[in-house]
Amino acid sequence: LDLVPEMLAAHPGMPVIVLSAQNTLATAVRATEQGAFEYLPKPFDLEELCRAVADGLRSRVARIEGGGRVSGRGAIPVAPAVDAALPAGGLARGAVHEMLEADPGAAAGFAALMLARAGGPVLWIAPDPDAWPPGLVALGLSPADLVLVRAVGEDALWALEEALRCPAIAGAVAVCPALALTASRRLQLAAEAGGGLGLVLRPDAEAVPPTASLTRWRVQARPGAAGPRHALADPVWRLDLLKSRGGRPGAWDVTLRPD
């Protein structure tokens, strides 16, 4: 696994597939953190290996056709301190980012803010999408740019994949109870092809299986600072960056203040 960063440094953008006899979660997590495109524990069948190679080639072609960048627009800013820890200088477009819901309301608010900053039409995919327009406006997301999609499980992942493939969509979020490695790889390929922002909201857990997402966050609410009497305090979120391919983990308390 220590060779993966060296291979990526020598051949930037080359998909690296790790084949290992160590079929453990810790090894899989370390492989993805080192930048591996795919991790296949032994024994594996030839069809599985061929699928991983094909996915790697598609990803490489998408990056070449995009000149190394899937989208001509820059990364989406989070906060100065957070952006400094991310390789793209913000939340990268053309990629999938996971958000673990330590506090579902805070995670949904953070996702809405990132979609608003993506600038353009966005999709919110959930079993029961109940976005509250006044709350979205406070986060900068216009209801006119929002399309609500009711979908569950595999249907939600399919809807997210199709949305991410469309270059006219600035971003999309799906609420999913689980995300398998193969499904996450398909989502990542779709995001690279379309250039939009892909977000997946998942329940929080101590042990989360590895995925192909570019980053993984844990989002929870923090008490807001006291304001004028009878006024609502500005929302404060605790952002834990658990995984960042090519970046470094960190934790920040961020406050959303109206412009």
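In terms of modelled atom types and a separation under 3.5 Å, the side chain of Asp240 and the main chain of Ala251 share no donor-acceptor contact. Side-chain atoms of His97 never come within 3.5 Å of backbone atoms of Leu197 as a donor-acceptor pair (strictly under, hydrogens ignored). In terms of modelled atom types and a separation under 3.5 Å, the side chain of Arg93 and the main chain of Ala118 share a donor-acceptor contact. Proximity of a side-chain donor or acceptor of Arg117 to a complementary backbone N or O of Pro77 within less than 3.5 Å is detected. Panel note: side chain Gln188, backbone Val96; a donor-acceptor pair is recorded below 3.5 Å.
Rounded to the nearest 0.5 Å, atoms CG (Leu179) and CZ (Arg185) are 11.0 Å apart. Leu214 CG to Glu98 CD: the interatomic distance, rounded to the nearest 0.5 Å, is 10.5 Å. Taking CZ of Arg216 as the reference point, atom CZ of Arg245 lies at 11.0 Å (rounded to 0.5 Å). From Met114, atom CE reaches atom CG of Leu139 across 9.5 Å, with rounding to the nearest 0.5 Å. We find the CG-CG distance between Leu199 and Leu164 to be 9.0 Å, quoted to the nearest 0.5 Å. For the atom pair CG (Asp155) and CG (Leu160), the distance works out to 12.5 Å, reported to the nearest 0.5 Å.
The hydrophobic cluster containing Leu241 also contains Val173, counting ILVMFWY residues as joined when their side-chain heavy atoms lie under 4.5 angstrom apart, directly or transitively. Hydrophobic clustering (side-chain heavy atoms under 4.5 Å, transitive across Ile, Leu, Val, Met, Phe, Trp, Tyr) groups Leu157 together with Ile169. By the criterion of side-chain heavy atoms lying less than 4.5 angstrom apart, applied directly or through intervening Ile, Leu, Val, Met, Phe, Trp or Tyr residues, Leu201 is grouped together with Val219 in one hydrophobic cluster. By the rule that hydrophobic residues join a cluster once side-chain heavy atoms approach within less than 4.5 Å of another member, Val152 and Val175 end up as members of separate clusters.
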Please report the C-alpha distance between Val208 and Leu242 in whole Å, then the side-chain angles of each, then the deciding distance to 0.1 Å, and finally whether the side-chain contact (heavy atoms from CB on, under 4.5 Å) criterion is met. CA-CA 11 Å; Val208 181; Leu242 307 178; over 6 Å; no
Might you work through the side-chain contact (heavy atoms from CB on, under 4.5 Å) test for Val78 and Val254, ending with a clear yes or no? CA-CA 9 Å; Val78 181; Val254 298; 5.6 Å; no
I'd like to know whether Glu154 forms a side-chain contact (heavy atoms from CB on, under 4.5 Å) with Trp158, so could you lay out the CA-CA distance, the side-chain angles of the two residues, the decisive distance to 0.1 Å, and finally the verdict. CA-CA 6 Å; Glu154 293 297 324; Trp158 175 85; over 6 Å; no
Derivation of the side-chain contact (heavy atoms from CB on, under 4.5 Å) call for Phe110 and Asp103: CA-CA 11 Å; Phe110 181 51; Asp103 184 302; over 6 Å; no
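Ring planes of Trp252 and Trp217: tilted class, angle from 30 to 60°.
For Arg186, the CZ atom is loosely surrounded, since the number of other residues' heavy atoms within 6.0 Å does not exceed 12.
Among all heavy-atom pairs drawn from Gly89 and Ala75, the shortest one is C-CB, 4.3 Å. Pairing each heavy atom of Ala212 with each of Leu181, the nearest pair is N-CD1, 3.7 Å. Of all the heavy atoms in Ala221 and Ala106, the pair that sits closest is N-CB, 3.7 Å. The minimum heavy-atom distance linking Ala170 with Val122 is given by the pair CB-CG1, 4.3 Å. The two residues Leu115 and Ala172 make their nearest non-hydrogen contact at CD2-N, 3.7 Å. Between Ala151 and Ile125, the shortest heavy-atom distance links the atoms CB-CG2, 4.0 Å.
Counting heavy atoms from C-beta outward, Lys243 and Ser213 have side chains that approach closer than 4.5 Å. In this structure, the side chains of Asp253 and Arg238 come closer than 4.5 Å at one or more pairs of heavy atoms.
Taking the salt bridge (Lys or Arg N to Asp or Glu O under 4.0 Å) definition, one finds that Arg150 meets it with Asp128, sequence neighbours left out.
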